[in-house]
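Scroll down for the structure; my scribbles are underneath it.
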Amino acid sequence: MIRKRLDRIRRLALRGALAGFAGSLLLPAAALAQEQGIPAEEVATRLDAVWILLAAALVFVMHPGFAMLESGLTRAKNTVNVLMKNFINVAMGVVAFYLIGYGLTGQGTPVFGTEGFMLIGVDTKDPMTLIYFVFALMFCATAATIVSGAMAERMRWPAYLIYAFVMTAVIYPVVAKWVWTSDGWLAEMGFMDFAGSTVVHLVGATSAMAGLLLLGARIGKYGPDGRINAIPGHNLPMATLGAMILWFGWYGFNVGSTLGAGNPALIGWTAATTTMGAGAGTLGAMFTIWIISGKPDLSMTLNGALGGLVAITASTAFVGFASALLIGAIAGVIVVFAALAFDRLRLDDPVGALAVHGIGGIWGTLSIGLLGYTDITSAEPTPVGLLVGGGLSQLGVQAIGIVATIAWVFGASFALFAAIKYTVGLRVTPEEEMEGLDVGEHGTGAYHGEMFGLGSHGLEGGHHRTPRAAYLLEENPAT
Amino acid sequence: MIRKRLDRIRRLALRGALAGFAGSLLLPAAALAQEQGIPAEEVATRLDAVWILLAAALVFVMHPGFAMLESGLTRAKNTVNVLMKNFINVAMGVVAFYLIGYGLTGQGTPVFGTEGFMLIGVDTKDPMTLIYFVFALMFCATAATIVSGAMAERMRWPAYLIYAFVMTAVIYPVVAKWVWTSDGWLAEMGFMDFAGSTVVHLVGATSAMAGLLLLGARIGKYGPDGRINAIPGHNLPMATLGAMILWFGWYGFNVGSTLGAGNPALIGWTAATTTMGAGAGTLGAMFTIWIISGKPDLSMTLNGALGGLVAITASTAFVGFASALLIGAIAGVIVVFAALAFDRLRLDDPVGALAVHGIGGIWGTLSIGLLGYTDITSAEPTPVGLLVGGGLSQLGVQAIGIVATIAWVFGASFALFAAIKYTVGLRVTPEEEMEGLDVGEHGTGAYHGEMFGLGSHGLEGGHHRTPRAAYLLEENPAT
Amino acid sequence: MIRKRLDRIRRLALRGALAGFAGSLLLPAAALAQEQGIPAEEVATRLDAVWILLAAALVFVMHPGFAMLESGLTRAKNTVNVLMKNFINVAMGVVAFYLIGYGLTGQGTPVFGTEGFMLIGVDTKDPMTLIYFVFALMFCATAATIVSGAMAERMRWPAYLIYAFVMTAVIYPVVAKWVWTSDGWLAEMGFMDFAGSTVVHLVGATSAMAGLLLLGARIGKYGPDGRINAIPGHNLPMATLGAMILWFGWYGFNVGSTLGAGNPALIGWTAATTTMGAGAGTLGAMFTIWIISGKPDLSMTLNGALGGLVAITASTAFVGFASALLIGAIAGVIVVFAALAFDRLRLDDPVGALAVHGIGGIWGTLSIGLLGYTDITSAEPTPVGLLVGGGLSQLGVQAIGIVATIAWVFGASFALFAAIKYTVGLRVTPEEEMEGLDVGEHGTGAYHGEMFGLGSHGLEGGHHRTPRAAYLLEENPAT
């Protein structure tokens, strides 16, 4: 027995040795842990940990997805600014959620949590606590990033930093508390939102709407004659890559919201319905814009896929396959009409975030009240949707959740953006906006002339640098 | 006992609470599931579910990989079209495979399945069924996407939509049935193709070949004097990113074809041989093109990596390490010569898909008959390859599988593309081809002039929009 | 009993059948394996296998990350060259690490291993061996790739190939042996580097430093008047995507260095501290460069994130949350100052690799000696850091490890690059450097004129092709 155990330790040590990498110092402990008769429950917990960690990484990858999508759909002169916003969201989210946000999502009152700030008093040595913390943090930063696209191309950098902090510290966590913490008031009411059509996407879109009302449209977007001018994105391959990365990350977002591997059939179910929602959304938008405009437009198709994904996010664990296809397809159709409608309302949203995340999020949340079941992987799921025989009550609860979320997020965001507007300022000067925010806010352009074989006639970013930036980034005759 | 159980439930609820996210409604059920003495077999099934779900996500990521590769290797004026094709493949595949394709891969006759259409009659509450469905769907869409690159830059959009539907509904599923379903006729013969050198890659390349014969070369590719003109890709960073994403996704494609974690040594084995095939293919192609042309060309190097990956796909679970390096290296060399040969045959394949997926796929499939073993992770694997003492019979079976696959796919695809050609039309007009398919098929260019600091002298896409597209996308003086 | 077993086999076969994909030939074996009463230990091993395989894939994805980062931060005319270097690193690493490097990391002397070359004598049928091999190989290639950025834009291609082989065959493996193999001399001393701040990042940066001294600065970087010219990167979206992909991959790099799921709390801990290090590094650098230069610069912000990640790499499993934020923030600040300082020292590092990986790596390694604990997830971790009450000894050991690593890597690399310089040559001609390495070394440019709607006035790469390249890549009137 002892001999066998020693052999095993030696074998494990040898493994590490031959592999030649990280953690040899930890190997003896690991070897011992493996050696004892491990209960299957312990292995189940380990599996939950690995699975949700990987899901969190997949949600993280949505940030490069959004960064590519948003910068591809906007103009080259504002690209650095868009990228910075996406990058800083996660960084700011890390700090804000750790300091404040996480505590607000915790137990406490039905409206906000009162424990766990800075992880104090939390059992961080529990196998799952920190993994859930990271997973939750990635969701929080995702909600914040939705706003960066909608308010692109004219917002001051300091204003965005303040917004990103408040969003990830307070605005988002409160809604997460309502819906996803067992003593949250919407959770108690039975509001259903599996992975965040409301909690993440509608929150982001609502905050963006409040911001847009205070920020106004980009110069030139709406002509004096009421004419709506299209301002095409500068790099559609980048936008397409972004949308596809988002779809990839959504397998972490939706399927990872199982929070563990305890119900493997639900993992398969959510993976299948998520895929169906995305596919149907893509086709729905592609055919809709083709019929309306005469051309199968790429940007609208991408937004259709995302709309389908947003819509299926709430219901992925609660609907069947035909319903998932229907929910996605309808999302694809309405995203196109909603994008056009917001434009007519002169809400200038460069990337279509209001349509995708707002309208898509509302539709997805309501769809449970129409087509949903609880416990979909059981032998006999209980219908809660009106159209599948579940009556009206769930639909009512879903509507209450949507209205409450909009009220809180719109109110808080409007107050926040108004406070910013009348203190540090929300919008760049018209001169800077015309020139591009990359030079004005960040001191450099996204692309440099050399790329185009045009020598010094390329992007002229350097001429507009501030003296201090110039100190670091002088013109280079060799470039 | 009861107390301990309640404590555990409370602790799990608290976890979810503090983490503040998705799924609190499901937590009590999960807690109960964890609470009971779980048999290790149940945990093993959960692990299979998580592993194959993540593998499916990795196969999905091959779609952005192909999108970047193919659009990078073609011209800017056709970029939107290439991106749309790659994006729509998955979306169309979701619908077609759900409606028809999945059923054709099921049990039934040796030639096609007859059950499981629309998932009817399938035990979707089995822990693995839907995960396998999603995994299989991603493979199906991958086969379809190979054609998009080979037929790039001159195919009509409606024609592509029809093709994508038929490919994912019928053409691919039949071959998958033959090889990977236990009562398929090639499976019964003992045809070996672990992850799809034939089933996915050769199928895609053969269909592309049929299409190319009916579609013809791009204008200007072959001069009247027999001269072959190179048409370089417009964005090699994008193509390189694509190839690297593909390599990443291949860990899901090949290693995920273990279908579960039941044999962990096989996971390691396939990961190692896949990596070796890719690395050797890269070096093989790089040195070959260097010797031939005097320069280590990037596009050929990328295609060498992909050729190595395609070739090792069949044999990854059946060969040793030296063999894996050899299979990859030979693939890298033959991809270069094959690409040049197809060009001399005036088969105008803008991305080299015939060479990579066709010749690479055939070589990989045959390599098992030369170098393969069954049950490679057992103490004494049984040789089936001619050169390792397994005789000729496996090589014969592999050849039969290749010939049968080519016959079916070429025949079906030729019929399909011919039917398209003489109804909706396969090819755009010469005028549209010269101008680019982005404007003609999709109403907008991939890049906009602002990117280059050139004001209104950038891409002139807008001038060619249809009246209805113009309604949505009017020229904007502010751009 | 028999009936139940048969039913189970049938059910599993059906699953595979209906799913219609890879591996049906292996299904009976898998079914049998699942059938027997599996001990929980066996499932635990399977989980370790799946987890580390996926971690290895995440480390692989750092290669596209580096490829995008480095090519985005350099000039368009050298893009193909930068991409080729990043691509070939992994390919060369596969071969070199298999042939030589892996054996050098194995058991043997305290300074280098003497067994496992070409995997001979290694138990490759052990469930974990090959997975650790692939994981270790990805680390090895990562160390190599750091150099590609620092020495970009003027190094000969054959020189780089030789370097990549020696680095992955010898220079890196020796350090990995010292630190991560149980009989390595630094491991015996108690040197702590959880995931490679020293073993991977400092090794890469030190090798780059040696190379830079022999290679010299790019033409035009430093004016005759002592003036430092900025040479801005040509594509910041690409660089940003790269940095974000790197952050994503770091969850495999750091968290995967747990080498298994035996301690799930440690998985959560390393995920949390990695995220915190990255976030704090981002903010640290962003505010620092803002204060210094007057603008929140994007490139510096990206390098701050990477600096934070590099620094937390050593200590991720050994420090608390406030410490992780502090380590990351300090890394962000010092990366900015270090990048400026290296520039003043006329060490021309186009991507800031010396600052990020060198200074960041040293800081991270030392930080354990200041703030670290062993066994952080235990109830009462033992402090080893000076500032948390652990005394000075660990700090001393950390310093010894850093000095020894620098001595070996600098010496070996200097000898290597000097040998290359005086044989095949290290640097391209001034003419080629001015024109760009893409044409000179690889025969083609990264971008083609068509992209810009400029017809034949785009990139003029074709004019400079060698006759043999021209044979393959003739000018095409149709382009």
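Computed from a prediction, not measured in an experiment: that's the story for all the values here. Lettering of chains follows the sequences in order, A, B, ..., and the numbering in each one begins at 1. All values below come from the heavy atoms of this structure, side chains included, with hydrogens, waters and symmetry mates left out.
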Next on the checklist: I'd like to verify something: which residue of A:Gly113, A:Pro173, A:Gly233 has the highest number of heavy-atom pairs under 4.5 Å with chain B?
Outcome noted: A:Gly233

Checklist entry - chain A: which of B:Leu161, B:Leu58, B:Asp438, B:Asn81 shares the most heavy-atom pairs with it under 4.5 Å? => result B:Leu161

Checklist entry - What part of A:Leu47 gets closer than 4.5 Å to chain B, counting heavy atoms only: side chain, backbone, both or neither? => result side chain

Item to check | Approximate separation, where rounding is to 0.5 Å, of A:Leu325 CG and B:Leu99 CG | outcome: 7.5 Å

Checklist entry - Between B:Ala67, B:Ala57, B:Pro39, which residue shows the highest count of heavy-atom pairs closer than 4.5 Å to chain A? => result B:Ala57

Checklist entry - Does some side-chain heavy atom of A:Tyr251 sit less than 4.5 Å from a side-chain heavy atom of B:Leu54? => result no

Next on the checklist: Report which part of A:Ser378 has an atom under 4.5 Å of a heavy atom belonging to chain B: side chain, backbone, both, or neither.
Outcome noted: backbone

Checklist entry - According to the interplanar angle, ranging from 0 to 90°, do the rings of B:Phe248 and A:Phe248 count as parallel (below 30°), tilted (30 to 60°) or perpendicular (above 60°)? => result perpendicular

Next on the checklist: Restricting to non-hydrogen atoms, name the atom on A:Ile376 and the atom on B:Lys125 that form the minimum distance, rounded to 0.1 Å.
Outcome noted: O-CE, 3.1 Å

Item to check | Interatomic spacing from CZ in A:Phe321 to CZ in B:Phe133 - rounded to 0.5 Å | outcome: 8.0 Å

Item to check | Best-contacting candidate, B:Val80, B:Val90, B:Val95, against chain A by heavy atom pairs under 4.5 angstrom | outcome: B:Val80

Next on the checklist: I'd like to verify something: which residue of B:Ile245, B:Asn86, B:Thr124 has the highest number of heavy-atom pairs under 4.5 Å with chain A?
Outcome noted: B:Thr124

Checklist outcome for this item: Most heavy-atom pairs under 4.5 Å with chain A, out of B:Ala40, B:Gly65, B:Ala91, B:Gly72, belong to B:Ala91

Checklist outcome for this item: Here the gap from A:Thr240 atom OG1 to B:Met68 atom CE, rounded to the nearest 0.5 Å, amounts to 6.0 Å

Next on the checklist: Quick check: closest heavy atoms across A:Ala322 and B:Tyr98, and the distance to 0.1 Å?
Outcome noted: N-OH, 4.0 Å

Item to check | Proximal component of A:Ala272, with respect to chain B [non-hydrogen, under 4.5 Å] | outcome: both

Checklist entry - Does any non-hydrogen side-chain atom of B:Leu241 lie less than 4.5 Å from one of A:Leu241? => result yes

Checklist entry - Backbone N or O of B:His448 within a donor-acceptor pair of the A:His234 side chain at under 3.5 Å? => result no

Checklist entry - In terms of heavy-atom proximity below 4.5 Å to chain A, should B:Phe60 be classed as side chain, backbone, both, or neither? => result side chain

Checklist entry - Which answer fits B:Glu441, side chain, backbone, both or neither, if we ask what part of it has an atom under 4.5 Å from a heavy atom of chain A? => result backbone

Next on the checklist: Heavy-atom cut-off 4.5 Å, strictly under: side chain, backbone, both or neither for A:Trp247 against chain B?
Outcome noted: both

Next on the checklist: Taking side chain to side chain contact (heavy atoms under 4.5 Å, CB included) as the definition, give me every residue that meets it alongside A:Ala329, ordered by chain and number, with sequence neighbours left out.
Outcome noted: A:Ala280

Item to check | Part of A:Val43 lying under 4.5 Å from any heavy atom of chain B | outcome: both

Item to check | Minimal non-hydrogen separation, B:Ile88 against A:Met286, with atom names | outcome: CD1-CE, 3.9 Å

Next on the checklist: Under the side chain to side chain contact (heavy atoms under 4.5 Å, CB included) test against B:Met84, which residue among A:Leu298, A:Leu302, A:Leu236 passes?
Outcome noted: A:Leu298

Next on the checklist: Any non-hydrogen side-chain atom of A:Thr275 less than 4.5 Å from a side-chain atom of B:Met138?
Outcome noted: yes

Next on the checklist: Counting only non-hydrogen atoms closer than 4.5 Å, does A:Leu130 touch chain B with its backbone (N, CA, C, O), its side chain (CB onward), both, or neither?
Outcome noted: neither

Next on the checklist: Please report the interatomic distance CG(A:Asp297) to OG1(B:Thr444), rounded to the nearest 0.5 Å.
Outcome noted: 7.0 Å

Next on the checklist: Can you tell me how far apart CE (A:Met300) and NE2 (B:His442) are? Round to the nearest 0.5 Å.
Outcome noted: 15.5 Å

Checklist outcome for this item: Looking only at A:Asn254, A:Val255, A:Thr377, most heavy-atom pairs under 4.5 Å shared with chain B are made by A:Thr377

Checklist entry - What's the shortest heavy-atom distance between B:Val50 and A:Ala261, and which atoms? => result CG2-CB, 3.7 Å

Checklist entry - Between CE of B:Met62 and CE of A:Met244, what distance do you get to the nearest 0.5 Å? => result 12.0 Å

Checklist entry - Where do A:Ile267 and B:Ile131 land on the side-chain contact (heavy atoms from CB on, under 4.5 Å) test, with the steps shown first? => result CA-CA 8 Å; A:Ile267 291 177; B:Ile131 288 168; 3.9 Å; yes

Item to check | Heavy-atom proximity to chain B below 4.5 Å, by part of A:Met276 | outcome: both

Next on the checklist: Heavy-atom pairs under 4.5 Å with chain B: which of A:Pro296, A:Gly268, A:Gly279 has the most?
Outcome noted: A:Pro296

Checklist entry - Contact part of A:Ala55 toward chain B, heavy-atom cut-off under 4.5 Å: side chain, backbone, both or neither? => result neither

Item to check | Residue A:Phe287 versus chain B: region with a heavy atom under 4.5 Å | outcome: side chain

